[in-house]
Amino acid sequence: MKTSTLASIAEAQAGRRALLVVTRLADGAQCMVDAAGGSGDFALAPEQLAEAAAMLQSGRCGALETLPDSFARAYVPSPRLLIIGAVHIAQALAGMAATAGYAVTVIDPRGAFASPERFPGIELCDEWPDEALARLGLDDATALVALSHDPKLDDPALELALPSRLFYIGALGSRRTHEKRLERLRAAGLGELTGRIHSPIGLDLGGRAPAEIAVSILAEIIRVRYKGTAA
Amino acid sequence: MHADDDTLFATLLGWRAAGRPAALATVVSTWGSSPRPQGSHLVIDADGHFLGSVSGGCIEGAVIEAAQEVMQSRQPRLLEFGVSDEQAWQVGLACGGRVQVYVEPVE
């Protein structure tokens with residue numbers, strides 16, 4: 001692989017764009033395929049490009065049937081977790097999710113909460129959630145959890161999250177808290193979408209400590225990512 | 001699916017920027033219960049540093065060794081591992097699966 005190809009892959013990943021690399025195993029020649037088409041050491045025939053584009057779309061890897069002795073590797077954006085509220089559970093969850101391969105951003109405009117001392121190595125954002133989410137973009141490789149317990153922070157985030165393509169939306173709170181939250185979201189005209197919110201949040205593991213709750217939230221996110229919301 | 005790709009490629013780019021020879025290993029086919037899916041990467045430098053994985057750990061040593069040859073010859077190689085392979089006695093897959101690993105120089 002050329003270093004320039006490596007740089008293109010890294011650049012696409014940083015920009016959360018999908019990219020596919022087709023390798024001819026016999027000589028190592030490579031061709032990159034993205035939404036704009038193919039480019040590289042050799043040209044793909046139209047049917048090869050079509051097959052590669054389909055693999056790019058689905059994020060699949062494997063040999064191209066239309067190009068013998070080849071391997072196509074799709075690089076899709078890594079999953080992302082946006083945490084609203086730099087609270088105690090967020091401290092545990094941020095580190096665990098980062099270990100599990102998620103790009104984590106903690107959003108909280110209250111500087112005392114979202115401090116680097118409390119979240120070493122984690123990307124922090126001190127904007128209000130609606131501003132932050134508009135800037136970050138909500139794609140289908142992203143999960144969002146509202147943990148702040150403060151409707152001023154959680155509600156604006158959920159109002160943007162519900163109509164988006166996010167693959168997971170969770171909100172912390174007791175049944176009573178959640179019932180009130182649903183009332184507010186219904187009043188905001190989002191009643192039909194509130195079923196997307198996972199609440200009570202997390203798989204029922206029985207734990208009560210912040211780290212245990214973080215495990216149950218991350219476990220639920222992973223489960224939904226691979227198996228969908230059906231049980 | 002391939003959660004740690006970002007780190008792998010950042011490391012590989014760092015090695016190249018420092019002028020260090022490097023190789024990229026990729027699982028290109030699997031049969032049976034192989035531990036890592038197609039597309040899994042292992043990155044290796046000339047000093048034997050590595051990051052990522054192409055198996056549960058059982059064939060990494062052999063892939064790292066082959067990567068040193070690939071960096072010198074600057075020619076890619078396709079390696080195959082499995083219980084039916086003669087190499088199984090040394091570096092076979094405990095799970096009974098088979099994998100093909102493509103090792104290419106990065107230049």
Side-chain angles (χ1 to χ4, degrees), chain A residues 1-30 41 55-56 58-64 69-81 96-104 121 123 141 218 221-222 225-226, chain B residues 1-31 34 36-46 51-54 66-67 69-80 99-107:
Chain A
M1 180 176 285
K2 291 176 181 157
T3 305
S4 62
T5 305
L6 260 189
S8 299
I9 297 170
E11 202 179 303
Q13 287 183 323
R16 298 187 66 75
R17 291 187 311 276
L19 178 73
L20 180 114
V21 177
V22 181
T23 304
R24 256 187 345 215
L25 297 184
D27 61 2
Q30 284 168 328
D41 300 334
M55 291 178 83
L56 176 71
S58 65
R60 275 184 302 121
C61 300
L64 284 185
D69 203 23
S70 67
F71 183 72
R73 171 63 156 92
Y75 297 94
V76 296
S78 58
R80 190 167 57 159
L81 174 63
M96 287 177 193
T99 301
Y102 284 73
V104 179
E123 188 179 313
L218 184 58
I221 292 171
I222 292 170
R225 177 159 181 243
Y226 291 105
Chain B
M1 177 168 76
H2 300 285
D4 47 6
D5 284 343
D6 299 16
T7 324
L8 290 189
F9 285 97
T11 303
L12 206 40
L13 280 171
W15 288 343
R16 294 302 299 143
R20 288 155 74 177
L24 174 69
T26 309
V27 175
V28 295
S29 21
T30 64
W31 299 265
S34 64
R36 297 282 286 143
Q38 277 183 313
S40 300
H41 286 310
L42 180 72
V43 301
I44 308 105
D45 81 352
L51 204 65
S53 69
V54 288
E69 293 169 32
V70 164
M71 280 179 240
Q72 287 193 344
S73 70
R74 302 170 66 187
Q75 293 300 317
R77 279 183 64 187
L78 187 61
L79 312 173
E80 191 167 330
V99 294
Q100 275 189 330
V101 178
Y102 190 68
V103 187
E104 60 190 304
V106 179
E107 43 202 13

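If you're wondering where the values come from, they're calculated on a predicted model, not measured in any experiment. The figures that follow rest on heavy atoms only: side chains count, while hydrogens, waters and symmetry mates do not. First the proteins, then the strands, lettered A, B, ... as listed; each starts at 1.
- Residues satisfying the side chain to side chain donor-acceptor pair (under 3.5 Å) criterion with B:E107, sequence neighbours excluded, are B:R74.
- For B:T26, the part lying under 4.5 angstrom from a heavy atom of chain A is the side chain only.
- Among B:T30, B:V27, B:L12, B:L78, the residue making the largest number of heavy-atom pairs under 4.5 Å with chain A is B:L12.
- Contact of A:I9 with chain B is made through the side chain alone, with heavy-atom distances under 4.5 Å.
- For A:T5, no part lies near chain B; criterion is any non-hydrogen pair under 4.5 Å.
- Proximity of a side-chain donor or acceptor of B:Q100 to a complementary backbone N or O of B:S29 within less than 3.5 Å is not detected.
- Residues meeting the ring-ring contact (aromatic ring centres under 6.0 Å, His included) test with A:Y75, sequence neighbours left out: B:F9, B:H41.
- Here the side chain of B:D45 pairs no donor or acceptor atom with the backbone of B:A22 at under 3.5 angstrom.
- Looking only at side-chain heavy atoms (C-beta outward), B:P105 and A:M1 stay at 4.5 Å or farther from each other.
- Only the side chain of A:Q30 comes within less than 4.5 Å of a heavy atom in chain B; its backbone stays farther off.
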